[in-house]
Amino acid sequence: MYEKIQETASWLKERMTTKPETAIILGTGLGQLATEITDSYEFSYSDIPNFPVSTVEGHSGKLIFGKLGGKDIMAMQGRFHYYEGYSMKDVTFPIRVMYELGIKTLFVSNASGGMNPEFKIGDLMIITDHINFFPEHPLRGKNFPTGPRFPDMHETYDHALIKEADQIAEENGIRVMHGVYVGVQGPTFETPAEYKMYHRLGGDAVGMSTVPEVIVAHHCGIRTFGISIITDLGLEDNPVEVSHEEVQVAANNAQPLMTEIMREMIRRA
Ligand code: HPA
């Protein structure tokens, strides 16, 4: 595994003309930020040695390098979900590569179902913490020398970055919520009983990504910041049906505000 990571990182380094310290994972329906990257050059996942290839609808699958907010950045357009059948090693492979490339800060976005009764569809939730409900741990197996065998998880989502995001939101009059993201494997959305359970266990929103990547980033000492777009609601005793299309529509509608916060976060990073 380590050799594969090295091989992929070397392949990219040989071709990279910039040296980004900031990476972004562009989640469901959040592609707008990609269109703002200037001086860009990119690699299809299918051309990068050892890189898994993304299949899910709405994800095209490439690494984009360039400038955003005056900073050199790299962006993942298309991520690997556990529900697609990838192993946890595959899902988190790009993060290991990012570490080898010298990435220091990671911005992640995703879509999720809100369980906190104060949330509305289209809200942005700054992820303050998570609960890992994936059936396999991304750090299972031989420990990587990037971090300890038993990593502390008290500040998985960087407090300084959260504070900065709050400031940016306030300056721009953007409503942001804070909350705990519950990571589940999917691909089913939750039953009413499951939404209720995850809420009672301390979750504010539930989704099918992010947690594996963030755990590995944290293990690599990469500072992480995440925002979730609340695309549907699973409120206790108020079951509402949800579809993938609906999730994409809500994500697209919230996109401009999310982009504004992320762009400014990156500029200040
Ligand atoms: N549950 C899980 N994943 C999701 C949801 C949800 O309600 N909405 C968007 N992704």
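If you read the sequence from its start, that first residue is 1, and numbering goes on from there. Whatever order the structure lists them in is the order used to number ligands and atoms, beginning at 1. All values derive from a computational prediction rather than experimental measurement.
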Open item on the list: Closer than 4.0 Å to some heavy atom of T231 - which atoms of ligand 1 meet that?
Closed with: 8 (N), 9 (C)

TODO: Could you tell me whether a side-chain N or O of S243 sits under 3.5 Å from a main-chain N or O of E246, the two making a donor and an acceptor?
DONE: yes

Open item on the list: What I want to find out is whether D123 reaches R175 closely enough, with some N-O distance under 4.0 Å, to be called a salt bridge.
Closed with: yes

TODO: Note the single closest protein heavy atom to atom 3 (N) of ligand 1, along with its residue, its atom name and the distance in Å.
DONE: G207 CA, 3.4 Å

TODO: Verify whether one side chain among Y2 and Q6 offers a donor that lies under 3.5 Å from an acceptor in the other.
DONE: yes

Open item on the list: For atom 2 (C) of ligand 1, what's the nearest protein heavy-atom neighbour? Residue, atom name and distance, please.
Closed with: E190 OE1, 3.2 Å

TODO: Considering only NZ, NE, NH1 and NH2 on the basic side and carboxylate oxygens on the acidic side, decide whether E236 and R200 come within less than 4.0 Å.
DONE: yes

Task: Atom indices of ligand 1, in the order listed, that fall short of 4.0 Å to a heavy atom of Y195 - done: 1 (N), 6 (C), 7 (O)

- [ ] Within a distance under 4.0 Å of any heavy atom of S112, pick out the atoms of ligand 1 and give their elements.
- [x] 5 (C), 8 (N), 9 (C), 10 (N)

- [ ] Give the atoms of ligand 1, by number and element, whose distance to some non-hydrogen atom of V206 is under 4.0 Å.
- [x] 1 (N), 2 (C), 3 (N), 4 (C), 5 (C), 6 (C)

TODO: Could you check atom 10 (N) of ligand 1 against the protein and tell me its nearest heavy-atom contact, residue, atom and distance included?
DONE: A111 O, 3.4 Å

TODO: Please identify which atoms of ligand 1 are closer than 4.0 Å to at least one heavy atom of M208.
DONE: 2 (C), 3 (N)

- [ ] State whether F43 and R15 meet the cation-pi test: NZ (Lys) or CZ (Arg) under 6.0 Å from the six-membered ring centroid, and within 45° of the perpendicular axis.
- [x] no

- [ ] Compute the centroid of each ring, for Y45 and then for F80, and state whether the two points are separated by less than 6.0 Å.
- [x] yes

TODO: List the closest protein heavy-atom neighbour of atom 5 (C) of ligand 1: residue, atom name, distance to the nearest 0.1 Å.
DONE: G113 N, 3.4 Å

TODO: Say whether G234 and ligand 1 are in contact under the criterion: heavy-atom distance to a ligand atom below 4.0 Å.
DONE: no

Task: Residue, atom name and distance, where the atom is the protein heavy atom closest to atom 8 (N) of ligand 1 - done: D232 OD1, 2.7 Å

Task: Lys/Arg-Asp/Glu bridge criterion (N-O < 4.0 Å) met for E264, R268 - done: yes

Open item on the list: If the threshold is 4.0 Å, N to carboxylate O, is there a salt bridge linking R263 and E36?
Closed with: yes

